[in-house]
2 protein chains.
Amino acid sequence: MASVAVENYLKSMWELGPADVATQELAQHLAVAPASATRMLQRLSERGLVAHTPYRGASLTTTGERKALAVVRRHRLLETFLARTLKLGRDQLHDEAERLEHALSPALEAAIDDYLGNPQRDPHGHPIPGPQGELPPEGDVALGDWPLDRPAKVSQVPDRDVEKLAWLEAQGLVPGRELRLVARDPFDGGVTVKLDGKLLQVAASVADEVRVSGEGAT
Amino acid sequence: MASVAVENYLKSMWELGPADVATQELAQHLAVAPASATRMLQRLSERGLVAHTPYRGASLTTTGERKALAVVRRHRLLETFLARTLKLGRDQLHDEAERLEHALSPALEAAIDDYLGNPQRDPHGHPIPGPQGELPPEGDVALGDWPLDRPAKVSQVPDRDVEKLAWLEAQGLVPGRELRLVARDPFDGGVTVKLDGKLLQVAASVADEVRVSGEGAT
DNA sequence: TATAAAGTTTAGTCCCAGCTAAAACTCTCA
DNA sequence: TGAGAGTTTTAGCTGGGACTAAACTTTATA
(Lines give C-alpha, C1' and ligand atoms only; values in the text may rest on other atoms or scores of the structure.)
Protein backbone atom coordinates (compact mmCIF):
# COMPACT_ATOMS: atom_id res chain seq x y z
CA MET A 1 0.00 0.00 0.00
CA ALA A 2 1.09 3.52 -0.77
CA SER A 3 1.86 5.64 2.27
CA VAL A 4 -0.37 8.47 3.37
CA ALA A 5 2.16 10.98 2.06
CA VAL A 6 2.33 9.36 -1.37
CA GLU A 7 -1.44 9.23 -1.60
CA ASN A 8 -1.66 12.89 -0.73
CA TYR A 9 0.89 13.89 -3.33
CA LEU A 10 -0.94 11.92 -5.98
CA LYS A 11 -4.27 13.40 -5.02
CA SER A 12 -2.85 16.92 -5.11
CA MET A 13 -1.28 16.28 -8.48
CA TRP A 14 -4.64 15.19 -9.76
CA GLU A 15 -6.43 18.18 -8.30
CA LEU A 16 -3.91 20.57 -9.80
CA GLY A 17 -3.61 18.77 -13.12
CA PRO A 18 -3.99 17.61 -15.76
CA ALA A 19 -1.42 20.08 -17.14
CA ASP A 20 2.11 20.02 -15.77
CA VAL A 21 2.16 21.04 -12.14
CA ALA A 22 4.92 23.35 -10.89
CA THR A 23 6.89 22.19 -7.89
CA GLN A 24 6.02 25.30 -5.97
CA GLU A 25 2.33 24.99 -6.66
CA LEU A 26 2.34 21.41 -5.46
CA ALA A 27 4.36 22.32 -2.39
CA GLN A 28 1.95 25.09 -1.48
CA HIS A 29 -1.05 22.87 -1.95
CA LEU A 30 0.44 20.34 0.44
CA ALA A 31 1.94 22.90 2.83
CA VAL A 32 5.46 21.51 2.50
CA ALA A 33 8.72 23.13 1.44
CA PRO A 34 9.45 23.11 -2.31
CA ALA A 35 12.50 20.98 -1.72
CA SER A 36 10.34 18.33 -0.12
CA ALA A 37 8.07 18.29 -3.12
CA THR A 38 11.01 17.90 -5.47
CA ARG A 39 12.28 14.95 -3.53
CA MET A 40 8.92 13.27 -3.53
CA LEU A 41 8.44 13.91 -7.24
CA GLN A 42 11.71 12.12 -7.85
CA ARG A 43 10.54 9.15 -5.86
CA LEU A 44 7.18 9.05 -7.56
CA SER A 45 8.96 9.33 -10.86
CA GLU A 46 11.13 6.32 -10.04
CA ARG A 47 8.01 4.41 -9.15
CA GLY A 48 6.43 5.33 -12.44
CA LEU A 49 3.62 7.36 -10.94
CA VAL A 50 4.53 10.76 -12.30
CA ALA A 51 6.49 12.10 -15.24
CA HIS A 52 8.87 14.68 -13.90
CA THR A 53 10.97 16.93 -16.10
CA PRO A 54 13.45 18.73 -13.88
CA TYR A 55 12.81 22.47 -13.71
CA ARG A 56 9.72 22.03 -15.87
CA GLY A 57 7.09 20.44 -13.67
CA ALA A 58 5.44 17.08 -13.41
CA SER A 59 2.26 15.29 -14.35
CA LEU A 60 0.65 12.00 -13.42
CA THR A 61 1.28 8.92 -15.50
CA THR A 62 -1.64 6.67 -16.28
CA THR A 63 -0.75 4.49 -13.32
CA GLY A 64 -0.38 7.52 -11.11
CA GLU A 65 -3.70 8.88 -12.18
CA ARG A 66 -5.37 5.57 -11.47
CA LYS A 67 -4.01 5.61 -7.96
CA ALA A 68 -4.98 9.23 -7.48
CA LEU A 69 -8.51 8.51 -8.59
CA ALA A 70 -8.71 5.64 -6.14
CA VAL A 71 -7.99 8.12 -3.35
CA VAL A 72 -10.49 10.61 -4.72
CA ARG A 73 -13.07 7.85 -4.91
CA ARG A 74 -12.53 6.90 -1.29
CA HIS A 75 -12.67 10.53 -0.26
CA ARG A 76 -15.94 11.22 -2.00
CA LEU A 77 -17.55 7.98 -0.93
CA LEU A 78 -16.63 8.80 2.64
CA GLU A 79 -18.09 12.28 2.39
CA THR A 80 -21.30 10.84 1.06
CA PHE A 81 -21.38 8.14 3.71
CA LEU A 82 -20.77 10.53 6.59
CA ALA A 83 -23.35 12.95 5.30
CA ARG A 84 -25.92 10.21 4.85
CA THR A 85 -25.44 8.43 8.14
CA LEU A 86 -24.32 11.12 10.56
CA LYS A 87 -25.95 14.11 8.90
CA LEU A 88 -22.71 16.04 9.05
CA GLY A 89 -22.82 19.47 7.47
CA ARG A 90 -21.15 19.94 4.11
CA ASP A 91 -18.50 22.05 5.78
CA GLN A 92 -17.37 19.26 8.11
CA LEU A 93 -17.16 16.55 5.53
CA HIS A 94 -13.97 17.42 3.76
CA ASP A 95 -11.62 17.36 6.72
CA GLU A 96 -13.02 14.15 8.11
CA ALA A 97 -12.84 12.37 4.79
CA GLU A 98 -9.32 13.68 4.32
CA ARG A 99 -8.22 11.79 7.42
CA LEU A 100 -10.13 8.61 6.80
CA GLU A 101 -9.51 8.18 3.08
CA HIS A 102 -6.11 6.61 3.66
CA ALA A 103 -7.44 3.97 6.00
CA LEU A 104 -10.26 2.56 3.91
CA SER A 105 -9.80 -1.05 2.82
CA PRO A 106 -11.10 -2.18 -0.56
CA ALA A 107 -13.69 -4.32 1.22
CA LEU A 108 -14.99 -1.42 3.25
CA GLU A 109 -14.96 0.85 0.24
CA ALA A 110 -17.12 -1.67 -1.58
CA ALA A 111 -19.45 -2.04 1.39
CA ILE A 112 -19.94 1.70 1.60
CA ASP A 113 -20.50 2.03 -2.13
CA ASP A 114 -23.08 -0.68 -1.85
CA TYR A 115 -24.78 0.82 1.15
CA LEU A 116 -25.09 4.11 -0.67
CA GLY A 117 -26.39 2.51 -3.82
CA ASN A 118 -23.41 3.40 -6.04
CA PRO A 119 -23.76 7.14 -5.80
CA GLN A 120 -22.50 9.20 -8.72
CA ARG A 121 -21.97 12.47 -6.81
CA ASP A 122 -20.83 13.44 -3.35
CA PRO A 123 -22.67 16.04 -1.25
CA HIS A 124 -20.71 18.84 -2.91
CA GLY A 125 -21.82 17.60 -6.28
CA HIS A 126 -18.39 16.29 -7.21
CA PRO A 127 -18.48 13.17 -9.33
CA ILE A 128 -17.34 9.98 -7.63
CA PRO A 129 -14.86 8.00 -9.74
CA GLY A 130 -15.90 4.41 -10.40
CA PRO A 131 -14.00 1.42 -9.02
CA GLN A 132 -11.63 1.58 -11.98
CA GLY A 133 -11.38 5.35 -11.88
CA GLU A 134 -14.00 6.06 -14.54
CA LEU A 135 -15.28 9.62 -14.38
CA PRO A 136 -18.38 10.73 -16.28
CA PRO A 137 -17.81 13.67 -18.63
CA GLU A 138 -18.66 16.92 -16.87
CA GLY A 139 -21.49 18.82 -18.47
CA ASP A 140 -21.32 21.86 -16.24
CA VAL A 141 -19.70 25.25 -16.27
CA ALA A 142 -18.60 27.89 -13.76
CA LEU A 143 -21.46 30.03 -12.50
CA GLY A 144 -19.70 33.13 -13.78
CA ASP A 145 -19.69 31.74 -17.30
CA TRP A 146 -23.37 30.85 -17.48
CA PRO A 147 -25.38 32.92 -19.97
CA LEU A 148 -27.79 35.52 -18.61
CA ASP A 149 -31.38 34.57 -18.03
CA ARG A 150 -31.11 30.90 -18.88
CA PRO A 151 -32.37 28.61 -16.09
CA ALA A 152 -29.58 26.71 -14.40
CA LYS A 153 -29.17 24.23 -11.64
CA VAL A 154 -26.27 24.26 -9.19
CA SER A 155 -24.20 21.16 -9.82
CA GLN A 156 -21.08 21.64 -7.70
CA VAL A 157 -19.93 23.71 -4.74
CA PRO A 158 -16.40 23.87 -3.28
CA ASP A 159 -15.45 21.39 -0.57
CA ARG A 160 -12.25 22.75 0.92
CA ASP A 161 -13.15 26.35 1.63
CA VAL A 162 -15.33 26.27 4.71
CA GLU A 163 -15.98 30.02 4.57
CA LYS A 164 -17.40 30.03 1.10
CA LEU A 165 -19.25 26.82 1.74
CA ALA A 166 -20.95 28.17 4.83
CA TRP A 167 -22.01 31.28 2.96
CA LEU A 168 -23.34 29.30 0.03
CA GLU A 169 -25.23 26.99 2.34
CA ALA A 170 -26.76 29.94 4.17
CA GLN A 171 -28.01 31.33 0.87
CA GLY A 172 -29.40 27.99 -0.15
CA LEU A 173 -26.92 27.69 -2.96
CA VAL A 174 -26.47 23.93 -2.77
CA PRO A 175 -26.35 21.27 -5.46
CA GLY A 176 -29.72 20.84 -7.08
CA ARG A 177 -30.83 24.40 -6.42
CA GLU A 178 -32.30 26.19 -9.41
CA LEU A 179 -31.44 29.74 -10.29
CA ARG A 180 -31.15 32.29 -13.02
CA LEU A 181 -28.32 34.67 -13.75
CA VAL A 182 -29.64 38.19 -14.04
CA ALA A 183 -26.51 40.32 -14.22
CA ARG A 184 -22.80 40.08 -14.51
CA ASP A 185 -20.33 42.71 -13.37
CA PRO A 186 -18.01 43.19 -16.33
CA PHE A 187 -15.15 44.41 -14.16
CA ASP A 188 -14.79 42.07 -11.23
CA GLY A 189 -16.65 39.07 -12.57
CA GLY A 190 -19.18 39.00 -9.76
CA VAL A 191 -22.74 38.02 -10.67
CA THR A 192 -26.28 38.60 -9.53
CA VAL A 193 -28.55 35.59 -9.46
CA LYS A 194 -32.23 35.13 -8.83
CA LEU A 195 -33.23 32.38 -6.42
CA ASP A 196 -36.91 31.83 -5.70
CA GLY A 197 -37.60 35.33 -6.82
CA LYS A 198 -34.98 36.84 -4.56
CA LEU A 199 -31.90 38.56 -5.92
CA LEU A 200 -28.50 37.67 -4.58
CA GLN A 201 -25.05 39.13 -5.21
CA VAL A 202 -22.34 36.54 -5.64
CA ALA A 203 -18.72 37.66 -5.47
CA ALA A 204 -16.45 36.60 -8.30
CA SER A 205 -14.28 34.46 -6.05
CA VAL A 206 -17.33 32.46 -5.08
CA ALA A 207 -18.92 32.38 -8.51
CA ASP A 208 -15.71 30.82 -9.81
CA GLU A 209 -16.13 27.84 -7.57
CA VAL A 210 -19.77 27.15 -8.11
CA ARG A 211 -20.65 25.12 -11.16
CA VAL A 212 -24.01 24.98 -12.85
CA SER A 213 -25.61 23.11 -15.69
CA GLY A 214 -28.80 23.22 -17.74
CA GLU A 215 -31.90 21.43 -16.57
CA GLY A 216 -31.43 18.18 -18.38
CA ALA A 217 -27.80 17.46 -17.77
CA THR A 218 -25.98 16.06 -14.75
CA MET B 1 -1.65 13.95 18.14
CA ALA B 2 0.14 10.74 18.91
CA SER B 3 1.36 8.85 15.88
CA VAL B 4 -0.24 5.65 14.68
CA ALA B 5 2.69 3.67 16.05
CA VAL B 6 2.46 5.25 19.48
CA GLU B 7 -1.27 4.66 19.62
CA ASN B 8 -0.78 1.04 18.72
CA TYR B 9 1.85 0.52 21.38
CA LEU B 10 -0.39 2.06 24.01
CA LYS B 11 -3.35 -0.01 22.94
CA SER B 12 -1.31 -3.20 23.04
CA MET B 13 0.02 -2.33 26.46
CA TRP B 14 -3.52 -1.89 27.67
CA GLU B 15 -4.67 -5.14 26.14
CA LEU B 16 -1.78 -7.03 27.69
CA GLY B 17 -1.91 -5.25 31.04
CA PRO B 18 -2.57 -4.22 33.66
CA ALA B 19 0.38 -6.19 35.08
CA ASP B 20 3.88 -5.46 33.81
CA VAL B 21 4.21 -6.40 30.17
CA ALA B 22 7.38 -8.12 28.97
CA THR B 23 9.18 -6.57 26.03
CA GLN B 24 8.94 -9.75 24.05
CA GLU B 25 5.25 -10.15 24.67
CA LEU B 26 4.62 -6.62 23.50
CA ALA B 27 6.85 -7.10 20.48
CA GLN B 28 5.01 -10.25 19.48
CA HIS B 29 1.64 -8.64 19.89
CA LEU B 30 2.68 -5.86 17.55
CA ALA B 31 4.70 -8.06 15.19
CA VAL B 32 7.89 -6.05 15.61
CA ALA B 33 11.38 -7.04 16.76
CA PRO B 34 12.00 -6.95 20.51
CA ALA B 35 14.61 -4.26 20.03
CA SER B 36 12.03 -2.05 18.39
CA ALA B 37 9.72 -2.48 21.33
CA THR B 38 12.50 -1.57 23.75
CA ARG B 39 13.23 1.61 21.87
CA MET B 40 9.61 2.61 21.83
CA LEU B 41 9.17 1.84 25.51
CA GLN B 42 12.05 4.18 26.20
CA ARG B 43 10.40 6.91 24.22
CA LEU B 44 7.03 6.36 25.84
CA SER B 45 8.75 6.37 29.18
CA GLU B 46 10.33 9.76 28.45
CA ARG B 47 6.92 11.06 27.48
CA GLY B 48 5.47 9.82 30.73
CA LEU B 49 3.12 7.33 29.13
CA VAL B 50 4.62 4.12 30.49
CA ALA B 51 6.72 3.13 33.47
CA HIS B 52 9.59 1.04 32.17
CA THR B 53 12.02 -0.82 34.39
CA PRO B 54 14.85 -2.12 32.22
CA TYR B 55 14.91 -5.91 31.98
CA ARG B 56 11.73 -6.09 34.05
CA GLY B 57 8.92 -4.93 31.83
CA ALA B 58 6.66 -1.93 31.57
CA SER B 59 3.17 -0.78 32.43
CA LEU B 60 1.01 2.17 31.50
CA THR B 61 1.00 5.28 33.62
CA THR B 62 -2.32 6.95 34.33
CA THR B 63 -1.78 9.29 31.41
CA GLY B 64 -0.79 6.42 29.18
CA GLU B 65 -3.84 4.45 30.15
CA ARG B 66 -6.08 7.39 29.42
CA LYS B 67 -4.64 7.65 25.94
CA ALA B 68 -4.91 3.91 25.42
CA LEU B 69 -8.54 3.96 26.43
CA ALA B 70 -9.21 6.76 23.99
CA VAL B 71 -7.96 4.48 21.22
CA VAL B 72 -10.00 1.56 22.51
CA ARG B 73 -13.04 3.78 22.65
CA ARG B 74 -12.60 4.85 19.03
CA HIS B 75 -12.04 1.25 18.01
CA ARG B 76 -15.17 -0.05 19.66
CA LEU B 77 -17.33 2.84 18.55
CA LEU B 78 -16.17 2.23 15.01
CA GLU B 79 -16.96 -1.45 15.21
CA THR B 80 -20.41 -0.65 16.48
CA PHE B 81 -20.93 1.99 13.82
CA LEU B 82 -19.81 -0.23 10.96
CA ALA B 83 -21.93 -3.09 12.19
CA ARG B 84 -24.98 -0.90 12.56
CA THR B 85 -24.74 0.95 9.28
CA LEU B 86 -23.08 -1.46 6.91
CA LYS B 87 -24.17 -4.71 8.52
CA LEU B 88 -20.63 -6.00 8.46
CA GLY B 89 -20.15 -9.42 10.03
CA ARG B 90 -18.52 -9.60 13.44
CA ASP B 91 -15.49 -11.13 11.82
CA GLN B 92 -14.82 -8.18 9.53
CA LEU B 93 -15.19 -5.48 12.12
CA HIS B 94 -11.93 -5.75 13.96
CA ASP B 95 -9.56 -5.23 11.06
CA GLU B 96 -11.49 -2.33 9.63
CA ALA B 97 -11.74 -0.55 12.96
CA GLU B 98 -8.06 -1.19 13.50
CA ARG B 99 -7.24 0.88 10.44
CA LEU B 100 -9.73 3.66 11.02
CA GLU B 101 -9.30 4.18 14.75
CA HIS B 102 -6.24 6.37 14.26
CA ALA B 103 -7.97 8.73 11.87
CA LEU B 104 -11.05 9.58 13.88
CA SER B 105 -11.30 13.20 15.00
CA PRO B 106 -12.88 14.06 18.34
CA ALA B 107 -15.78 15.67 16.48
CA LEU B 108 -16.46 12.57 14.43
CA GLU B 109 -16.09 10.34 17.45
CA ALA B 110 -18.73 12.41 19.21
CA ALA B 111 -21.01 12.34 16.17
CA ILE B 112 -20.78 8.57 15.96
CA ASP B 113 -21.37 8.12 19.67
CA ASP B 114 -24.39 10.32 19.33
CA TYR B 115 -25.70 8.53 16.27
CA LEU B 116 -25.43 5.23 18.09
CA GLY B 117 -27.09 6.56 21.22
CA ASN B 118 -24.06 6.23 23.50
CA PRO B 119 -23.71 2.48 23.26
CA GLN B 120 -22.17 0.66 26.21
CA ARG B 121 -20.98 -2.43 24.31
CA ASP B 122 -19.58 -3.15 20.88
CA PRO B 123 -20.85 -6.04 18.74
CA HIS B 124 -18.45 -8.44 20.44
CA GLY B 125 -19.86 -7.45 23.78
CA HIS B 126 -16.77 -5.52 24.81
CA PRO B 127 -17.48 -2.48 26.93
CA ILE B 128 -16.90 0.89 25.26
CA PRO B 129 -14.90 3.28 27.43
CA GLY B 130 -16.60 6.60 28.06
CA PRO B 131 -15.26 9.91 26.73
CA GLN B 132 -12.97 10.16 29.75
CA GLY B 133 -12.02 6.54 29.67
CA GLU B 134 -14.51 5.31 32.25
CA LEU B 135 -15.12 1.57 32.06
CA PRO B 136 -17.98 -0.11 33.86
CA PRO B 137 -16.95 -2.91 36.22
CA GLU B 138 -17.14 -6.24 34.43
CA GLY B 139 -19.57 -8.65 35.99
CA ASP B 140 -18.81 -11.57 33.75
CA VAL B 141 -16.57 -14.59 33.83
CA ALA B 142 -14.93 -16.99 31.35
CA LEU B 143 -17.31 -19.63 30.02
CA GLY B 144 -15.04 -22.33 31.35
CA ASP B 145 -15.38 -20.98 34.87
CA TRP B 146 -19.15 -20.80 34.99
CA PRO B 147 -20.78 -23.22 37.42
CA LEU B 148 -22.62 -26.21 36.01
CA ASP B 149 -26.33 -25.96 35.37
CA ARG B 150 -26.76 -22.32 36.21
CA PRO B 151 -28.37 -20.29 33.38
CA ALA B 152 -25.95 -17.88 31.75
CA LYS B 153 -25.96 -15.36 28.99
CA VAL B 154 -23.06 -14.83 26.60
CA SER B 155 -21.61 -11.40 27.28
CA GLN B 156 -18.40 -11.29 25.22
CA VAL B 157 -16.83 -13.10 22.30
CA PRO B 158 -13.29 -12.59 20.92
CA ASP B 159 -12.76 -9.97 18.24
CA ARG B 160 -9.33 -10.70 16.83
CA ASP B 161 -9.52 -14.38 16.09
CA VAL B 162 -11.60 -14.72 12.96
CA GLU B 163 -11.53 -18.52 13.09
CA LYS B 164 -13.02 -18.81 16.52
CA LEU B 165 -15.41 -16.01 15.84
CA ALA B 166 -16.76 -17.64 12.72
CA TRP B 167 -17.25 -20.90 14.56
CA LEU B 168 -19.02 -19.21 17.46
CA GLU B 169 -21.24 -17.30 15.10
CA ALA B 170 -22.14 -20.46 13.24
CA GLN B 171 -23.19 -22.09 16.52
CA GLY B 172 -25.21 -19.07 17.50
CA LEU B 173 -22.89 -18.31 20.37
CA VAL B 174 -23.14 -14.53 20.19
CA PRO B 175 -23.59 -11.89 22.87
CA GLY B 176 -27.02 -12.12 24.43
CA ARG B 177 -27.43 -15.81 23.74
CA GLU B 178 -28.60 -17.86 26.68
CA LEU B 179 -27.11 -21.20 27.60
CA ARG B 180 -26.41 -23.65 30.36
CA LEU B 181 -23.21 -25.45 31.14
CA VAL B 182 -23.84 -29.18 31.42
CA ALA B 183 -20.36 -30.66 31.67
CA ARG B 184 -16.75 -29.72 32.04
CA ASP B 185 -13.82 -31.85 30.94
CA PRO B 186 -11.51 -31.91 33.96
CA PHE B 187 -8.43 -32.57 31.85
CA ASP B 188 -8.44 -30.16 28.93
CA GLY B 189 -10.89 -27.58 30.24
CA GLY B 190 -13.32 -27.97 27.36
CA VAL B 191 -17.01 -27.71 28.20
CA THR B 192 -20.36 -28.93 26.98
CA VAL B 193 -23.15 -26.40 26.84
CA LYS B 194 -26.83 -26.64 26.15
CA LEU B 195 -28.27 -24.12 23.71
CA ASP B 196 -31.97 -24.24 22.91
CA GLY B 197 -32.02 -27.85 24.05
CA LYS B 198 -29.12 -28.83 21.82
CA LEU B 199 -25.80 -29.94 23.24
CA LEU B 200 -22.58 -28.42 21.97
CA GLN B 201 -18.94 -29.20 22.68
CA VAL B 202 -16.77 -26.16 23.15
CA ALA B 203 -13.00 -26.57 23.08
CA ALA B 204 -11.06 -25.10 25.95
CA SER B 205 -9.26 -22.58 23.75
CA VAL B 206 -12.63 -21.21 22.70
CA ALA B 207 -14.28 -21.44 26.10
CA ASP B 208 -11.47 -19.31 27.48
CA GLU B 209 -12.37 -16.46 25.20
CA VAL B 210 -16.10 -16.46 25.67
CA ARG B 211 -17.40 -14.64 28.70
CA VAL B 212 -20.77 -15.13 30.31
CA SER B 213 -22.77 -13.60 33.11
CA GLY B 214 -25.92 -14.33 35.08
CA GLU B 215 -29.24 -13.08 33.83
CA GLY B 216 -29.36 -9.80 35.67
CA ALA B 217 -25.83 -8.59 35.18
CA THR B 218 -23.85 -7.20 32.24
C1' DT C 1 26.30 -22.11 42.73
C1' DA C 2 28.19 -21.93 38.21
C1' DT C 3 26.82 -21.86 33.73
C1' DA C 4 23.75 -22.18 29.92
C1' DA C 5 19.48 -20.54 28.04
C1' DA C 6 16.26 -17.06 27.53
C1' DG C 7 15.09 -12.44 27.46
C1' DT C 8 16.46 -7.48 27.01
C1' DT C 9 19.03 -3.65 25.74
C1' DT C 10 22.62 -1.22 23.07
C1' DA C 11 24.96 -0.17 18.86
C1' DG C 12 24.87 0.64 14.32
C1' DT C 13 21.94 0.86 9.82
C1' DC C 14 18.19 1.84 6.85
C1' DC C 15 14.26 4.20 4.74
C1' DC C 16 10.81 7.82 4.77
C1' DA C 17 9.64 12.45 4.64
C1' DG C 18 10.26 16.63 6.41
C1' DC C 19 13.52 20.98 6.87
C1' DT C 20 17.17 24.95 5.61
C1' DA C 21 20.85 26.82 2.96
C1' DA C 22 23.25 27.00 -1.09
C1' DA C 23 23.76 26.07 -5.90
C1' DA C 24 21.74 25.61 -10.47
C1' DC C 25 18.56 26.70 -13.79
C1' DT C 26 14.99 29.58 -16.51
C1' DC C 27 12.88 33.65 -17.76
C1' DT C 28 12.16 38.35 -18.39
C1' DC C 29 13.29 42.71 -19.62
C1' DA C 30 16.23 46.51 -20.01
C1' DT D 1 22.02 39.53 -24.66
C1' DG D 2 23.08 39.34 -20.09
C1' DA D 3 21.83 40.38 -15.19
C1' DG D 4 18.75 39.85 -11.74
C1' DA D 5 14.50 37.75 -10.04
C1' DG D 6 12.18 33.84 -9.35
C1' DT D 7 11.95 28.88 -9.31
C1' DT D 8 13.87 24.41 -8.74
C1' DT D 9 17.14 21.23 -7.35
C1' DT D 10 21.03 19.50 -4.57
C1' DA D 11 23.35 18.87 -0.25
C1' DG D 12 23.25 17.99 4.26
C1' DC D 13 20.48 17.38 8.69
C1' DT D 14 16.73 15.79 11.74
C1' DG D 15 13.47 12.59 13.81
C1' DG D 16 10.43 8.56 13.67
C1' DG D 17 10.34 3.87 13.60
C1' DA D 18 11.79 -0.30 11.81
C1' DC D 19 15.82 -3.98 11.46
C1' DT D 20 20.12 -7.16 12.76
C1' DA D 21 24.00 -8.34 15.48
C1' DA D 22 26.31 -8.09 19.60
C1' DA D 23 26.45 -7.23 24.54
C1' DC D 24 24.38 -7.54 28.77
C1' DT D 25 20.81 -9.27 32.60
C1' DT D 26 18.01 -12.51 34.60
C1' DT D 27 16.40 -17.08 35.26
C1' DA D 28 16.66 -21.86 35.20
C1' DT D 29 19.16 -26.00 35.58
C1' DA D 30 22.73 -29.17 36.51
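Everything quoted here is computed from the prediction, not taken from an experiment. In what follows, every chain begins at residue 1, and chains take the letters A, B, ... in the order their sequences are listed.
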Rounded interatomic separation in angstrom, taking [atom1] from [X] and [atom2] from [N]:
X	N	atom1	atom2	result
B/Gln24	C/dG7	CD	P	5 Å
A/Glu25	D/dT9	CD	P	13 Å
A/Leu30	C/dC19	CG	P	10 Å
B/Leu44	D/dG17	CG	C1'	12 Å
B/Asn8	D/dG16	CG	P	17 Å
B/Leu26	D/dA18	CG	C1'	14 Å
A/Leu41	D/dT7	CG	P	16 Å
B/Asp20	C/dG7	CG	P	17 Å

Have a look at [X] and say if it touches a base, only the backbone sugar-phosphate, or nothing, with a 4.0 Å heavy-atom cut-off.
X	answer
A/Ser36	base
B/Ala22	sugar-phosphate
B/Arg43	base

- Start with the C-alpha distance between B/Leu78 and B/Leu104, add both sets of side-chain angles, then the distance that settles side-chain contact (heavy atoms from CB on, under 4.5 Å), and finish with yes or no. CA-CA 9 Å; B/Leu78 277 165; B/Leu104 204 58; 3.9 Å; yes
- Item | Candidate nucleotides C/dA17, D/dG17, D/dT9, ranked by approach to the side chain of B/Val6 - the nearest | D/dG17
- Item | B/Pro34 side-chain proximity, nearest of C/dT9, C/dG18, D/dT9 | C/dT9
Side-chain N or O of [X] closer than 4.0 Å to phosphate OP1/OP2 of [N]:
X	N	result
A/Ser3	C/dA17	yes
A/His52	D/dT9	yes
B/Tyr9	D/dG16	no

- Estimate the overall bend of the helix from C/dT1-D/dA30 to C/dA30-D/dT1 from the end axes over five pairs each, rounded to 10 degrees. 20°
- Query: Below 4.0 angstrom, N of the basic side chain to O of the carboxylate: do B/Asp113 and B/Arg73 qualify?
  - Reply: yes
- Task: Check step by step if side-chain contact (heavy atoms from CB on, under 4.5 Å) holds for B/Leu69 and B/Gln132.
- Result: CA-CA 8 Å; B/Leu69 282 166; B/Gln132 265 71 53; over 6 Å; no
- Assign the ring pair A/Phe81 / B/Phe81 to parallel, tilted or perpendicular, where the plane angle (0 to 90°) is split at 30° and 60°. tilted
- Side-chain donor-acceptor pair present, B/His102, B/Asn8, cut-off under 3.5 Å: yes
- Query: Going by distance alone, is a donor N or O of one side chain under 3.5 Å from an acceptor N or O of the other, for B/Asp140 and B/Ser155?
  - Reply: yes
- Message: Working note: B/Val191 + B/Asp185, criterion side-chain contact (heavy atoms from CB on, under 4.5 Å); need CA distance, chi angles, decisive distance, verdict.
- Response: CA-CA 6 Å; B/Val191 299; B/Asp185 184 321; over 6 Å; no
- Task: Under the side chain to side chain contact (heavy atoms under 4.5 Å, CB included) rule, collect the residues that match up with A/Ala103, sequence neighbours excluded.
- Result: B/Arg99, B/Leu100
- Message: Using the side-chain hydrogen bond (donor to acceptor under 3.5 Å, both in side chains) definition, which of the options A/Gln156, A/Arg90, A/His94, A/Glu79 pairs with A/His124?
- Response: A/Glu79
- Between A/Arg56 and A/Val4, the residue closer to the 5' end of DNA chain C by nearest nucleotide is A/Val4
Identify all pairs in which a protein N or O lies below 3.5 Å from an N or O of nucleotides 10-13 of chain C, and state each distance.
residue : atom : partner : partner atom : Å
C/dT10  : OP2  : B/Gln42 : NE2          : 2.4

- Which of A/Arg76, A/Arg74, A/Lys11 passes salt bridge (Lys or Arg N to Asp or Glu O under 4.0 Å) with A/Glu98? Answer is A/Lys11
